[in-house]
Protein chains: 2
Amino acid sequence: MTSVEEILQQHNLKNTRIRQAVLSLLIDADEGLSHQDLSKSLDMDFDRVTLFRTLHAFEESGILHKIIDPNGTAKYAYTLPDKDKNKHSHAHFICLNCGQVVCLDETFLLNEIKVPKGFIKQTIDVQVKGICVKCN
Amino acid sequence: MTSVEEILQQHNLKNTRIRQAVLSLLIDADEGLSHQDLSKSLDMDFDRVTLFRTLHAFEESGILHKIIDPNGTAKYAYTLPDKDKNKHSHAHFICLNCGQVVCLDETFLLNEIKVPKGFIKQTIDVQVKGICVKCN
DNA sequence: AATTAAATGCAACAATGTTGCGTTTCTGAC
DNA sequence: GTCAGAAACGCAACATTGTTGCATTTAATT
Ligand SMILES: [Mn+2]
Ligand SMILES: [Mn+2]
Ligand SMILES: [Zn+2]
Ligand SMILES: [Zn+2]
């Protein structure tokens, strides 16, 4: 069990109110949360720019990973330290009804995918869309 | 060889200047184009809202399919009538350097992917990211 | 307690996309 | 060709997401 404070420390991020709050929320959440989602959930005063910068910092350090939903808005999910050794290459499920984003266990092999000559593959993002259990 | 006019007719879309121009551009393009890309390429006067609505109309009718790039902006690509019988379920390559979006031949089977109990799979989107041949 | 790099707050801005509404234009029927 | 109706367009106004610059505050270290 690693505390929020410890996680921040391990990534050389200063321990601030908003970072603690955001990280706590996302560790507990079972889904990806957008800037807007977090703004509504956070029970404190903060500048919206600070939240954007917080999310960027977390993404850069690998604490969170970003998923672009079908509307083009970013959602962030906590990167499980054990699960994601292979650098968050897992697939995501996106509910077409409520917009919920869930991390799946499924991962994909980059090798198997053919690209045109001269193209270099680096990462793969897979989004499975459909209806989540709540909306079903 | 189907002309632009014929394509519009087949989808019950009125034949207008901007629709002809947009569709011509996208049929010739070997990559997905954004609203901005098209705005720059189009050599005519038009309202930006009209272009948004044109792209929506084309997407709804299946003439184009939308790809959300890593910045969250929409790009549109012509849906090849023969290639995409299985409703544009092919993968896309996205260049991390220049942002270019290319349709790949690769398709994926929805069956193989496991989702939590109660979730219903409908479609799958695969994005392979890396460096394109121009940027290499 | 002093130092300093990092983080924050604020203001201003840009890009993308949407909605409402009045006007124009395409198309099909006559 | 004329006409009518539906579809598309142009314009204005707005919402949301995200970025940048800069002055101020704060967390962590000594
Ligand atoms: Mn995930
Ligand atoms: Mn495509
Ligand atoms: Zn749902
Ligand atoms: Zn490129």
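Below, chain A is the first sequence line, B the second, and so on; all start at residue 1.
- When the P atom of C/dG9 is taken as reference, atom CG of A/Leu42 falls 12 Å away, rounded to whole Å.
- For A/Leu8 and C/dA7, the CG to C1' distance is 13 Å, given to the nearest whole Å.
- Atom CG in A/Asp69 sits roughly 17 Å away from atom P in C/dT16 (whole-Å rounding).
- Using cut-offs of 30° and 60° on the angle between ring planes, the pair B/Phe108 and A/Phe108 is perpendicular.
- Contacts of B/Ala74 with the nucleic acid, taken as non-hydrogen atoms under 4.0 Å apart, involve only primed sugar atoms and P, OP1 or OP2.
- Taken to the nearest 0.5 Å, the OG1 atom of A/Thr54 stands 13.0 Å off from the CD atom of A/Glu59.
- Note on B/Asn15: only backbone sugar-phosphate atoms sit closer than 4.0 angstrom, heavy atoms only; bases stay farther off.
- Aromatic ring centroids of A/Phe93 and B/Phe119 lie under 6.0 Å apart.
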Donor-acceptor pairs under 3.5 Å, side chain of residues 129-136 of chain A to any protein atom, not counting sequence neighbours: which ones?
{"from": "A/Lys129", "atom 1": "NZ", "to": "B/Asp125", "atom 2": "OD2", "distance (Å)": "3.0"}
{"from": "A/Asn136", "atom 1": "ND2", "to": "B/Gly118", "atom 2": "O", "distance (Å)": "3.0"}

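- Considering only heavy atoms from C-beta on, B/Gln122 stays 4.5 Å or farther from A/Val128 through its side chain.
- Between A/Thr16 and the phosphate of C/dA6, there is no side-chain N or O to OP1/OP2 separation shorter than 4.0 Å.
- Distance, A/His56 NE2 to C/dT8 C1': 15 Å, rounded to whole Å.
- If you measure from atom CD1 of A/Ile18 to atom C1' of C/dA6, you get 15 Å, rounded to the nearest angstrom.
- Whole-Å rounding puts the B/Gln9 CD to C/dC26 C1' distance at 12 Å.
- Listed by chain and residue number, nothing satisfies the ring-ring contact (aromatic ring centres under 6.0 Å, His included) test with B/Phe46 (two or more places apart in sequence, or in another chain).
- In terms of position on DNA chain C, the residue among B/Gly72 and A/Asp47 whose nearest nucleotide sits closer to the 5' end is A/Asp47.
- Across all strands, A/Arg53 comes closer than 4.0 Å to base atoms (heavy-atom distances).
- Mapping B/Arg19 and B/Arg48 onto DNA chain D by nearest heavy atom places B/Arg19 at the nucleotide closer to the 5' end.
- Between the P atom of C/dT4 and the NZ atom of A/Lys14 lies a distance of 13 Å, rounded to the nearest Å.
- Nucleotides of DNA chain D lying under 4.0 Å from heavy atoms of chain A occupy a range whose first and last members, 5' to 3', are D/dT17 to D/dA28.
- If you measure from atom OH of B/Tyr76 to atom C1' of C/dG17, you get 9 Å, rounded to the nearest angstrom.
- Using cut-offs of 30° and 60° for the angle between ring planes, the B/His35 and B/Phe52 rings count as parallel.
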